[in-house]
2 protein chains.
Amino acid sequence: MKSSKTRQDLIAALNTAMREASGQGVLYSQAVAQRLGINSTDLECLDHIALRGPLTAGALAAATGLTSGAITGVIDRLERAGFAARERDANDRRKVLVRALPAIEKKIAPLFEPMQKAAIASLSSYSDKELALLLDFLQRARDASLAAMAELGSLPA
Amino acid sequence: MKSSKTRQDLIAALNTAMREASGQGVLYSQAVAQRLGINSTDLECLDHIALRGPLTAGALAAATGLTSGAITGVIDRLERAGFAARERDANDRRKVLVRALPAIEKKIAPLFEPMQKAAIASLSSYSDKELALLLDFLQRARDASLAAMAELGSLPA
DNA sequence: CTCATTATCTTAGTTGCTAAGATAATTTGT
DNA sequence: ACAAATTATCTTAGCAACTAAGATAATGAG
C-alpha cells in the first residue's frame, strides 16, 4: 500500500512539524523575555494585560492559572521593571487594576517585530484561499487539542 | 480597500490561531506530565531519551539547554519514577547513558493517544495535496521562527 | 606517569511557585 | 444601620527546580 503509507508518513510529519513549530515559538518568547530581563511567566501576563486592556489581579490569575500570591509577585516585578502599573479600582477599592505602560510599545513591541515580519513574509506567498485553509486547520488543531485534553482527564488513572 | 483589509485580518487571525494552537499543545503536555507525577521538564527530557535512543547526560543537557547539575536532578527523578535508567558507558566510564524503560510504552504512550487520535481525525478530512500544503506551512513557520530568533539576537541591546 | 581535559555529581544559593492565613473593602441579612 | 459573611489582594512559610562553581572520577596527551 504505497499511497496509504505516504499519507501516513505525511500525517506523522505533520505532527512532528506542529510540535517543532510550536516549540520554536515558545523559544522565541523565552528569548524575548530574557532580553527584557523578565521571566516567561511575567511576559505572558504582560501580554494579557496589553491585549485585554487594564485587568484586575484576579482576572489575570484566572487567565493564567496562577494563584493570587503568584500574581502579586508578577505584578510587583512588572511594576519594578517599568512595564506595568497598579491602580486601585475607583468603584471597588478592593480590586487592583493592572495597566500596561508606554514602555511596552517602546521596548517590547520592537522585539516581536522580527517574528511578525517573518510571519507576514511566510504567509505572503499563499493565496487567500490557502490562508483560509491554514486558519481552519489551526483552529481545528486547537479544538482537537482541547477535546483531547478533556478525554485525557476522563481516562482511568 | 476591502479585499486587502480582509487579507490582513486573515493574517492576523492566523497569528492568533498559531499561538493558541501552540499554547494548547503545551497545556496538553503539562497535563500529561501532571498525570505521570513528573514535571514538564522531566517529560520533555524523557521524550528526547525515548526518541533519540540512549543518550548521555551531557547530550541531554545540550539538547535541552539545561546545566549538567539540572540534568543530574532530572535523571534522578526519572529513575526514581521508573521511567529511565542510568547505565555506565562501557567504553568511556565517565559517561552516563540514560535509557528509557518499558514503563514508557505502558504508562506514557496511552496518555498521548487521545491527542494522537484527535490529530489523525482532524487531518483525515484533508486531501493529500492539502496535507502537503499544511506541512510546508508548518516547516516554513518553524524556519521563520528560527530566523527571527537569529535576527532578535543581532538586534541592538 | 604526570597533567590537562572531559563528564558527571555535589553543594550553596536564588527564583518563582503554592497553600494558608492576614488585611482591607464590599455586600448581605436583620 | 451595623454585624457577619463574602470578595480581592497581599503576606508568610515552605518547597521544587534551577544556576554557578567547585569536587570527584575517568580518560587522553605529551
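Letters go in sequence order (proteins before strands), and every chain restarts at 1.
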Practice item. Answer yes or no: is there an ion pair linking A/Arg19 with B/Asp47, defined by an N-O contact shorter than 4.0 Å? Key: yes
Check your understanding: What distance do A/Glu20 atom CD and A/Gln24 atom CD have between them, rounded to the nearest 0.5 Å?
Key -> 8.5 Å
Practice item. Give a yes or no on whether a donor-acceptor pair under 3.5 Å exists between the nucleobase atoms of D/dT9, that is its base, and the side chain of A/Arg94. Key: no
Check your understanding: Think B/Thr56 has a side-chain N or O under 4.0 angstrom from the OP1 or OP2 of C/dA7?
Key -> no
Revision key, fill the gap. From CG of B/Leu66 across to P of C/dC9 the rounded distance in Å is 14 Å
Exercise for review: Round to the nearest Å and state the distance from A/Glu87 atom CD to D/dT9 atom C1'.
Suggested key: 16 Å
Exercise for review: Return the value, rounded to whole Å, for the distance between atom CZ of A/Arg88 and atom P of C/dA25.
Suggested key: 8 Å
Check your understanding: Between C/dC17, C/dG16, D/dA17, which nucleotide gets closest to the side-chain atoms of A/Ala70?
Key -> C/dC17
Practice item. For A/Ala57, report the nucleic acid contact type (base, sugar-phosphate, nothing); a contact means any heavy atom under 4.0 Å. Key: sugar-phosphate
Exercise for review: Please tell me which of A/Asn91 and A/Thr41 maps to the more 5' nucleotide of DNA chain C, matching each residue to the nucleotide holding its nearest heavy atom.
Suggested key: A/Thr41
Review point. Across the strands shown, which category fits B/Gly73 at heavy-atom distances under 4.0 angstrom: base, sugar-phosphate, nothing?
Key: nothing
Practice item. Look at the rings of B/Phe137 and A/Tyr126 and say which category their plane angle falls in: under 30° parallel, 30 to 60° tilted, over 60° perpendicular. Key: perpendicular
Check your understanding: Can you find an N or O donor on one side and an acceptor on the other, under 3.5 Å apart, linking the side chain of A/Thr67 with the base of C/dC17?
Key -> no
Practice item. Determine, using the 4.5 Å side-chain heavy-atom cutoff (strictly less than), whether B/Leu131 and B/Met18 are members of one ILVMFWY cluster. Key: yes
Study note, to complete from the structure: The nucleotide from D/dC18, C/dC9, C/dT26 with an atom nearest the side chain of B/Thr72 is C/dC9
Check your understanding: To the nearest angstrom, how far is B/Ile71 atom CD1 from C/dT11 atom P?
Key -> 19 Å
Review point. Looking at C/dC9, does its base get a donor-acceptor pair with the side chain of B/Ser68 below 3.5 Å?
Key: yes
Practice item. May I ask you to decide if A/Asn39's main-chain N or O and A/Arg77's side chain share a donor-acceptor pair within less than 3.5 Å? Key: no
Exercise for review: Calculate the interatomic distance between B/Arg86 atom CZ and C/dA7 atom P; express it in whole Å.
Suggested key: 16 Å
Study note, to complete from the structure: Ranking C/dT26, C/dC17, D/dC18 by distance to the side chain of A/Arg77, first place goes to C/dC17
Check your understanding: For the side chain of A/Lys95, counting heavy atoms from C-beta on, which of C/dC17, D/dT9, D/dA17 is nearest?
Key -> D/dT9
Exercise for review: Let me know the distance between CD1 of A/Ile75 and P of C/dC17, rounded to the nearest Å.
Suggested key: 12 Å
Revision key, fill the gap. B/Asp89 atom CG is separated from C/dT8 atom C1', nearest whole Å, by 13 Å
Study note, to complete from the structure: Separation of C/dT27 atom C1' from A/Asp92 atom CG, nearest Å, is 10 Å
